[in-house]
J.: 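What follows is a structure written as structure tokens; I'll ask about it next.
A, B, ... follow the sequence lines: proteins, then strands. Residue 1 opens every chain.
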Amino acid sequence: EAQVTQNPRYLITVTGKKLTVTCSQNMNHEYMSWYRQDPGLGLRQIYYSMNVEVTDKGDVPEGYKVSRKEKRNFPLILESPSPNQTSLYFCASSPSTLKPYGYTFGSGTRLTVV
Amino acid sequence: GDSVTQMEGPVTLSEEAFLTINCTYTATGYPSLFWYVQYPGEGLQLLLKATKADDKGSNKGFEATYRKETTSFHLEKGSVQVSDSAVYFCAVENTGGFKTIFGAGTRLFVKA
């Protein structure tokens with residue numbers, strides 16, 4: 001089944017403890033992106049990647065890192081999480097940016113930082 | 001920069017009622033427009049899209065027409081069902097395709 005898989009689904013952590021949220025897609029998509037969803041704000045883009053080893057900042061990149069060493073994986077790293085990073089996170093992918101395909105989304109990761 | 005404005009929710013309708021969710025956008029160039037749907041506890045799913053002016057996207061009884069003159073992409077359905085209860089997001093993808101801006105979402109409740 002074609003899908004975007006995120007792990008974990010739920011995570012509670014403490015301020016300052018480094019964490020990684022994994023994202024993997026099995027569709028050979030070139031483009032991948034991370035969003036956070038907050039009430040009343042919709043989805044805001046954190047980082048995106050056009051292809052392997054090509055990443056760039058979205059609208060809210062502060063406090064996050066990403067890497068794209070393989071085409072299928074696009075982990076989101078919070079090196080020193082803070083309570084304002086408590087949110088619902090979504091990974092999304094698309095075949096490429098050459099046409100408006102639309103995104104396939106993962107099921108989300110609900111992160112709570114205390 | 002690009003932006004999307006959706007009507008605030010929640011929208012509450014009875015089954016078989018007509019649905020309209022308004023969406024307007026600002027964008028440069030020739031953006032593509034999308035509607036996504038999010039069911040409780042799930043990620044967003046692509047509902048429909050339109051890639052140029054006057055295009056109509058449609059899927060599962062939902063429709064939206066790309067109106068460049070009014071910069072709008074309103075979502076409509078002639079007869080909603082309880083199973084349509086969800087949050088609906090309007091989105092605009094920039095001409096380069098590397099950035100998609102989402103609206104704040106509109107929650108729809110459909111009563112039996």
J.: Can you find a pair of side-chain heavy atoms, one from Asp59(A) and one from Lys99(B), that are under 4.5 Å apart?
T.: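 Yes - at least one pair of side-chain heavy atoms lies under 4.5 Å apart.
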J.: Please list, in residue-number order, every residue in residues 39-49 of chain A that has a heavy atom less than 4.5 Å from any heavy atom of chain B; write 'none' if there are none.
T.: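 Counting heavy atoms that sit under 4.5 Å from chain B, the residues of residues 39-49 of chain A involved are Gly40(A), Leu41(A), Gly42(A), Leu43(A), Gln45(A), Tyr48(A).
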J.: Quick one, Glu93(B) and Tyr101(A) - any side-chain contact, counting heavy atoms below 4.5 Å?
T.: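 No. Closest side-chain heavy atoms not under 4.5 Å.
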J.: Using non-hydrogen atoms and a limit below 4.5 Å, what part of residues 19-45 of chain B faces chain A?
T.: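 Ser32(B), Phe34(B), Tyr36(B), Gln38(B), Gly41(B), Glu42(B), Gly43(B), Leu44(B) fall under the 4.5 Å cut-off.
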J.: Could you check whether atom CD of Glu69(B) has more than 12 heavy atoms from other residues, nucleotides or ligands sitting under 6.0 Å from it?
T.: yes
J.: Looking at Glu8(B), I'd like to know if its CD atom is crowded, meaning that more than 12 non-hydrogen atoms belonging to other residues, nucleotides or ligands lie closer than 6.0 Å.
T.: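 No, the 6.0 Å shell around CD holds no more than 12 heavy atoms from other groups.
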J.: Any sub-3.5 Å donor-acceptor pair from Lys49(B)'s side-chain atoms to Pro100(A)'s backbone N or O?
T.: yes
J.: List the residues meeting ring pair (Phe, Tyr, Trp, His ring centres under 6.0 Å) with Tyr88(B), not counting sequence neighbours, and say none if there are none.
T.: Phe62(B)
J.: Identify whether Leu11(A) and Leu76(A) are in the same connected component of the hydrophobic contact network (ILVMFWY, side-chain heavy atoms under 4.5 Å).
T.: yes
J.: With hydrophobic residues grouped by side-chain heavy-atom distances under 4.5 Å, do Val80(B) and Phe89(B) end up in a single group?
T.: no
J.: Same cluster for Val66(A) and Leu78(A) if Ile/Leu/Val/Met/Phe/Trp/Tyr side chains link at under 4.5 Å?
T.: yes
J.: Using a cut-off of 6.0 Å, state whether more than 12 heavy atoms not belonging to Phe18(B) lie near its atom CZ.
T.: yes
J.: Please check if Val60(A) and Phe90(A) belong to a single hydrophobic cluster, counting links between Ile, Leu, Val, Met, Phe, Trp and Tyr side chain heavy atoms closer than 4.5 Å.
T.: no
J.: Might you work through the side chain to side chain contact (heavy atoms under 4.5 Å, CB included) test for Tyr103(A) and Thr100(B), ending with a clear yes or no?
T.: CA-CA 9 Å; Tyr103(A) 293 163; Thr100(B) 297; 3.0 Å; yes
J.: Same cluster or not: are Phe105(A) and Leu47(B) linked, directly or through other Ile, Leu, Val, Met, Phe, Trp or Tyr residues, by side-chain heavy atoms under 4.5 angstrom apart?
T.: no
J.: Taking only heavy atoms into account, what residues of residues 101-112 of chain B are found under 4.5 Å from chain A?
T.: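 Within residues 101-112 of chain B, the residues under 4.5 Å from chain A are Ile101(B), Phe102(B), Gly103(B), Ala104(B).
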J.: What part of Gln37(A) lies closer than 4.5 angstrom to a heavy atom of chain B: side chain, backbone, both or neither?
T.: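 Answer is side chain: those atoms of Gln37(A) sit under 4.5 Å from chain B.
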